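Quick notes on the structure that follows.
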Amino acid sequence: MSHTADDLSKDPAPDPAEDNAYFPSPYSLSKYTSPKTDFDGVRHKGAYTGGRWKVLMIAAEERYVLLENGKMFSTGNHPVEMLLPLHHMMEAGFGVDVATVTGYPAKLELWAMPREDEAVLATYEALKPKLKQPKKLSEVVAEGLGGDADYIAVFIPGGHGAVVGLPGSAAVGRTLEWALTNDRFIVTLCHGPAALLAASLGKEENPFKGYSACVFPDALDKGANLDIGYLPGRLPWLVADLLGKEGLNVVNDDMTGRTHRDRKLLTGDSPLASHALGLLASGALVEAARAAG
């Protein structure tokens, strides 16, 4: 007897590693994940050969998001949103440093790993040591960020794990302030833009006020993601809603793979935007590196 996606359960799947914690339902994973991405090649392979410029990735280190109903969502960074944009930037010639708020290992939603996608898997293997032993972000801020720092961009991948720890981190806020002050790129997608809330810590207004950005649509997190069992409960707050209240203009209300550039802020709406955002970011970084000499 054959089975289709409609036969799969829409009940979130228990995570046996933690009490009252859940993975997405089998049905939701059949809709939101696939063995391959839409990656069809890079456009800037080896374009940067200067050896100086790197990308600083701020990764999520928290596995669980506590929801309104007391249940926990087993999450982290989405592997496609992390690894596919980085694949483009690394293939263009840029190094990557990985940091988390406390220096604890980065967490990935391995249930979303595209197991037949060579570009994503190769990038994961290349970065795995840095993901397991990342830098502590406050130490990067104290020791490595200045006007002459070698980071051409700050990259903050998505996944619901980005809503925990990053928005309230002073170190994230200082890193974003450094990037704005020193005219460096900020690349982020899906739930990653939640980290932009950290830029307003201790300030009267968010320095990203007036910027426009793509973000994962709130309508899905308070609607379909609950209906199909991707989330086991409602999030305590919604990313686009809070960014809008801090003066950012969210340019999308759906999930289509859209990307957007506003000055040095490069954003994408979801995992579907990972390839396109990688193309956008790698091209922008190569152009900036060449201009810098």
Side-chain angles (χ1 to χ4, degrees), residues 24 28 31-32 58-60 62 64-69 73 75-78 80-82 85 109 112 154-169 172-173 175-176 179-180 185-201 203-274 276-277 280-281:
S28 69
K31 297 298 183 181
Y32 279 173
I58 303 175
E62 177 54 60
Y64 298 105
V65 175
L66 182 64
L67 304 172
E68 285 187 346
N69 60 5
F73 179 43
T75 178
N77 280 132
H78 193 289
V80 174
E81 294 172 15
M82 173 189 285
E109 300 169 329
V154 175
F155 174 50
I156 306 172
H160 284 81
V163 308
V164 181
L166 303 188
S169 166
V172 172
T175 303
L176 295 172
L180 288 171
F185 287 93
I186 298 164
V187 184
T188 184
L189 71 165
C190 200
H191 291 83
L196 302 181
L197 296 167
S200 66
L201 296 173
K203 297 182 175 64
E204 292 186 2
E205 67 177 21
N206 195 310
F208 290 99
K209 181 179 180 180
Y211 277 73
S212 53
C214 284
V215 182
F216 189 82
D218 288 352
L220 288 179
D221 271 339
K222 64 182 179 181
N225 280 356
L226 298 171
D227 298 336
I228 67 175
Y230 185 82
L231 292 172
R234 292 183 178 275
L235 293 165
W237 53 273
L238 298 168
V239 176
D241 176 59
L242 286 194
L243 289 175
K245 289 176 179 176
E246 294 207 356
L248 283 83
N249 174 37
V250 176
V251 298
N252 65 297
D253 58 8
D254 54 3
M255 184 175 69
T256 63
R258 181 175 178 179
T259 62
H260 185 73
R261 176 173 179 172
D262 185 348
R263 289 157 275 188
K264 293 290 182 73
L265 178 64
L266 312 181
T267 54
D269 67 10
S270 68
L272 301 178
S274 300
L277 185 64
L280 176 65

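Keep in mind that what you see is a predicted model, and the values were worked out from it rather than measured.
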Which atom pair, heavy atoms only, marks the closest approach of [X] to [Y]?
{"X": "Ala59", "Y": "Met82", "value": "CB-CE, 4.2 Å"}
{"X": "Leu180", "Y": "Pro207", "value": "CD1-CB, 3.8 Å"}
{"X": "Ser274", "Y": "Pro85", "value": "O-CG, 3.6 Å"}
{"X": "Leu226", "Y": "Gly233", "value": "CD2-O, 3.2 Å"}
{"X": "Leu189", "Y": "Ser270", "value": "CD1-O, 3.6 Å"}
{"X": "Ala162", "Y": "Pro167", "value": "O-CD, 3.5 Å"}

Check for a donor-acceptor pair, side chain of [X] on one end and backbone N or O of [Y] on the other, with a separation under 3.5 Å.
{"X": "Asp253", "Y": "Ala219", "answer": "no"}
{"X": "Thr75", "Y": "Gly161", "answer": "yes"}
{"X": "Asn77", "Y": "Ala60", "answer": "yes"}

Worksheet entry | Arg261 CZ: over 12 foreign heavy atoms closer than 6.0 Å | yes
Discussion item. Under the criterion side-chain contact (heavy atoms from CB on, under 4.5 Å), I'd like the reasoning laid out for Trp237 against Leu197: C-alpha separation, chi angles, the key distance, then a yes or no.
Written reply: CA-CA 12 Å; Trp237 53 273; Leu197 296 167; 3.8 Å; yes
Item to complete: For Tyr211, check side-chain hydrogen bond (donor to acceptor under 3.5 Å, both in side chains) against everything at least two apart and list the hits.
Response: none
Fill in: Residues forming a side-chain hydrogen bond (donor to acceptor under 3.5 Å, both in side chains) with Lys31, sequence neighbours excluded
none
Practice prompt. Sequence neighbours left out, what passes side chain to side chain contact (heavy atoms under 4.5 Å, CB included) with Asn252? Give chain and number order.
Written response: Cys214, Pro217, Val250, Asp254, Arg258, Asp269
Worksheet entry | Sequence-distant partners of His191, ring pair (Phe, Tyr, Trp, His ring centres under 6.0 Å), two or more places apart | His160, Phe216
Discussion item. Quick test of your reading: applying salt bridge (charged side-chain N to carboxylate O under 4.0 Å, His left out), list the pairs with at least one residue in residues 216-226, sequence neighbours left out, ordered by first then second residue.
Written reply: none
Distance in Å, [X] [atom1] paired with [Y] [atom2], rounded so as to fall on 0.5 Å steps:
{"X": "Ile186", "Y": "Phe208", "atom1": "CD1", "atom2": "CZ", "result": "3.5 Å"}
{"X": "Glu81", "Y": "Leu272", "atom1": "CD", "atom2": "CG", "result": "9.0 Å"}
{"X": "Leu277", "Y": "Thr267", "atom1": "CG", "atom2": "OG1", "result": "7.5 Å"}
{"X": "Asp227", "Y": "Leu220", "atom1": "CG", "atom2": "CG", "result": "10.0 Å"}
{"X": "Ser28", "Y": "Leu231", "atom1": "OG", "atom2": "CG", "result": "8.5 Å"}
{"X": "Ser212", "Y": "Asn249", "atom1": "OG", "atom2": "CG", "result": "5.5 Å"}

Worksheet item: Which residues pass the salt bridge (charged side-chain N to carboxylate O under 4.0 Å, His left out) test with Glu205, sequence neighbours left out?
Response: Lys209
Note, [X] side chain near [Y] side chain (heavy atom, < 4.5 Å):
{"X": "Ile156", "Y": "Leu176", "value": "yes"}
{"X": "Leu243", "Y": "Pro193", "value": "yes"}
{"X": "Pro24", "Y": "Tyr32", "value": "no"}

